[in-house]
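Everything numeric in this text was worked out from a predicted model, so none of it was measured. Here, residue 1 is the first one in the sequence, and each next residue gets the next number.
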Amino acid sequence: MPIRRATPTKLRAERRLHSVARAASACLALSLASAAHATEPGAQTKAASSAQASKPSARGAATKAAAAELAPARPTLTLPFEKLTLENGLTLILHRDPSLPLVAVNIWYHVGPAYEPPGRSGFAHLFEHLMFEGSRHVGHEFDKLLESIGATNVNGTTNWDRTNYFETVPREYLELALWIESDRMGYLLDAVTQERLDVQRDVVKNERRQTFENAPYGKSALALLDTMFPAGHPYHGAVIGSMQDLSAATLDDVKDFFRQYYAPSNATLCLAGDFDPALVKAMVEKYFGTLTGRPPTRVVRHATPPLAQAARLVIDEPVELARVAYGWIAPPAYGPDDAPLDIATTILAGGRSTRLYRRLVVEDKLASDVDASSDPNQLATMLEVSATAASGKAPEDIEHALDSVIEGLKTNPPSPEELARAKRRTFLAIASDLEQLNGHNGESGRAGFLQRFNHYLGDPGYLPKLLAAIDAVTADDVSRVVRQYMTPQARVTVVTHPSAGATNGTAGKGAR
């Protein structure tokens, strides 16, 4: 889950551009109408993972054919791009769309916990904050400059494998945005002082408290994560890092980390929108081409295997409602089972017509909500299933019902209707993301998709293969991956018990 820096203000051009953006997306919205009609209201959309599905069996092929008859023909989605590399190692990806007078600027630094050395947990996220503190030529006017030109969606996020920074600007101000980003890349350390480090370190510590220590179900979420990835694993301690490592970081430590990873040779710049490609290439060369391309520090990491044995934790928290959460480890992002796992979790809990929702919420009235997710990353895919108890319901009953539904999917493959609905939902989430130039987290929207495909696969043009992998998932594929990865023997179970004195004000979904 990305850790986000809050956008400082609601930029004033947002309202002015909203009506233009709405009109530009109307064509795509019309082509999606049939798929949207088949998706239940209020359902949570989720980003699709991708992979080439395994060859379907005869039964699976028949089920796939039946599902195809139920599903409306989907529009063909394309994402044209041009990719090139500067002499200093900076990768540049260009996607031109002149339908709006806007350009999305989206830069990824290929550093996150997957690359952090021991004792440096949370450094990538700390730099997410420090990058907004100023640089040599821009100074501390970053937000003011972007506000003054009507920039929108100005933010930065960190996930397990990368850190990104992004903004969407009117096309006539693209050069200013490129200057700002190049100054942060090349001259950030000139503005990083002990005082600035101490301020942002305290901000990050407080963010950790709000996310885990003091958030409803936050302790349980962290316990699940840290049990799946024990001490010594790069993902241990969450993206945000440990209090100990953050407290111990010196100014020299921070500067060394920046020099290792924040260089053109470890970054990818993606521009999506209305621009002249020849002019933009000249601008990028002007502002980024003169920066030194230091070879990045590469840490060799191997895929994380499934848990060798089951683990179970019971945690008391000041919440009103109990919760049961399961966690498993599956192979890393963009493996052959990515698409089946994503469809499987959608069938389990992707809306009100799904198996977990019907059984636990509607029929047995054991839970107030249910969730299932597949989060693919560089070292592992994190599979989670959870249910928050309805008032007065025991976690033991919830656990029994969860097990029953999951085991049922192993032996009772999804019906053609279930499979078609899950695929429509997944496709609609992708198509909705593609209506934007920059998504809210920097890895959705067109620029985000191009960056994500490039980061994990080296191929920004992976979109057709992603959609083909989703189309190819069969009912038997779904049951197979649930049998293979979602086993009780390789599972972490966290049961959250309400502690004495919990009040209504502490109930809720909390942090995940």
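Shown here are the salt bridge (Lys or Arg N to Asp or Glu O under 4.0 Å) partners of Lys83, two or more places apart in sequence or in another chain: there are none. In terms of the side chain to side chain contact (heavy atoms under 4.5 Å, CB included) criterion, residue partners of Val362 (sequence neighbours excluded) are, by chain and number, Tyr357. Residues meeting the side chain to side chain donor-acceptor pair (under 3.5 Å) test with Ser265, sequence neighbours left out: none. For Ser404, the side chain to side chain donor-acceptor pair (under 3.5 Å) partners are Arg359, not counting sequence neighbours. Ser444 pairs by the side chain to side chain donor-acceptor pair (under 3.5 Å) definition with Asn441, not counting sequence neighbours.
When all heavy atoms of Glu116 and Ser121 are compared, the pair lying nearest together is OE1-CA, 3.3 Å. Minimum heavy-atom separation, Val385 to Ala372: CG2-CB, 4.0 Å. For Thr388 against Tyr217, the heavy-atom pair with the smallest separation is CG2-OH, 3.9 Å. In terms of heavy-atom proximity, Gly439 sits nearest to Phe166 at O-CE1, 3.7 Å. Contact between Leu419 and Val473 at its shortest, heavy atoms only, is CD2-O, 3.8 Å.
Separating the OH atom in Tyr485 from the CZ atom in Arg483 is a distance of 12.0 Å, to the nearest 0.5 Å. Between atom CG of residue Asp364 and atom NZ of residue Lys393 there is a gap of 9.0 Å, rounded to the nearest 0.5 Å. The CG atom of Leu379 sits 8.0 Å away from the OH atom of Tyr115 when rounded to the nearest 0.5 Å. Atom OG of Ser353 and atom CD1 of Ile347 lie 12.0 Å apart (nearest 0.5 Å). In this structure, the separation between CG on Leu269 and CH2 on Trp108 is 13.0 Å, given to the nearest 0.5 Å. A distance of 8.0 Å separates CG in Asp371 from CD in Glu384, rounded to the nearest 0.5 Å.
Within 6.0 Å of the CD atom in Gln309, the count of heavy atoms belonging to other residues, nucleotides or ligands does not exceed 12.
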**Prompt:** Step by step, would you call Ser479 with Asp476 a side chain to side chain donor-acceptor pair (under 3.5 Å)?
**Reply:** CA-CA 5 Å; Ser479 292; Asp476 284 346; 5.6 Å; no

**Asked** Please walk me through it: do Val105 and Leu271 pass side chain to side chain contact (heavy atoms under 4.5 Å, CB included)?
**Response** CA-CA 5 Å; Val105 179; Leu271 303 177; 3.9 Å; yes

**Request:** Please report the C-alpha distance between Glu207 and His129 in whole Å, then the side-chain angles of each, then the deciding distance to 0.1 Å, and finally whether the side chain to side chain donor-acceptor pair (under 3.5 Å) criterion is met.
**Result:** CA-CA 11 Å; Glu207 187 176 333; His129 288 253; 3.1 Å; yes

**Prompt:** For Lys410 and Ile406, what are the C-alpha separation, side-chain angles and deciding distance, and is it a side chain to side chain contact (heavy atoms under 4.5 Å, CB included)?
**Reply:** CA-CA 7 Å; Lys410 296 178 182 180; Ile406 293 170; 4.2 Å; yes

**Prompt:** Between Ser373 and Asp375, does a side chain to side chain donor-acceptor pair (under 3.5 Å) hold up when you go through it step by step?
**Reply:** CA-CA 6 Å; Ser373 64; Asp375 180 16; over 6 Å; no

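Under the 4.0 Å criterion applied to side-chain N and carboxylate O atoms, Glu443 and Arg162 are assigned as salt-bridge partners. A salt bridge does not link Arg452 to Asp433: none of the charged side-chain nitrogens sits closer than 4.0 Å to a carboxylate oxygen.
In this structure, Trp160 contributes its side chain and Ala114 its backbone to no donor-acceptor pair below 3.5 Å.
Using cut-offs of 30° and 60° for the angle between ring planes, the Tyr261 and Phe257 rings count as tilted.
Looking only at side-chain heavy atoms (C-beta outward), Tyr462 and Tyr334 come within less than 4.5 Å of each other. The closest side-chain heavy-atom distance from Glu418 to Val478 is not below 4.5 Å.
Between Thr493 and Glu399, the side chains place no donor N or O within less than 3.5 Å of an acceptor N or O (distance only, hydrogens not considered). Checking Asn164 against Gln451 by side-chain atom types alone, no donor-acceptor pair falls below 3.5 Å.
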Can you give the donor-acceptor pairs under 3.5 Å from side chains of residues 222-233 to other protein atoms, not counting sequence neighbours?
unit_1, atom_1, unit_2, atom_2, d
Asp226, OD1, His236, ND1, 3.4
Asp226, OD1, Gly237, N, 2.8
Thr227, OG1, Ala223, O, 2.6
His233, ND1, Tyr235, N, 2.9
His233, NE2, Thr304, OG1, 2.7

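With a 6.0 Å cutoff to the six-membered ring centre and a 45° limit on the axis angle, Arg446 does not count as a cation-pi contact of Phe449.
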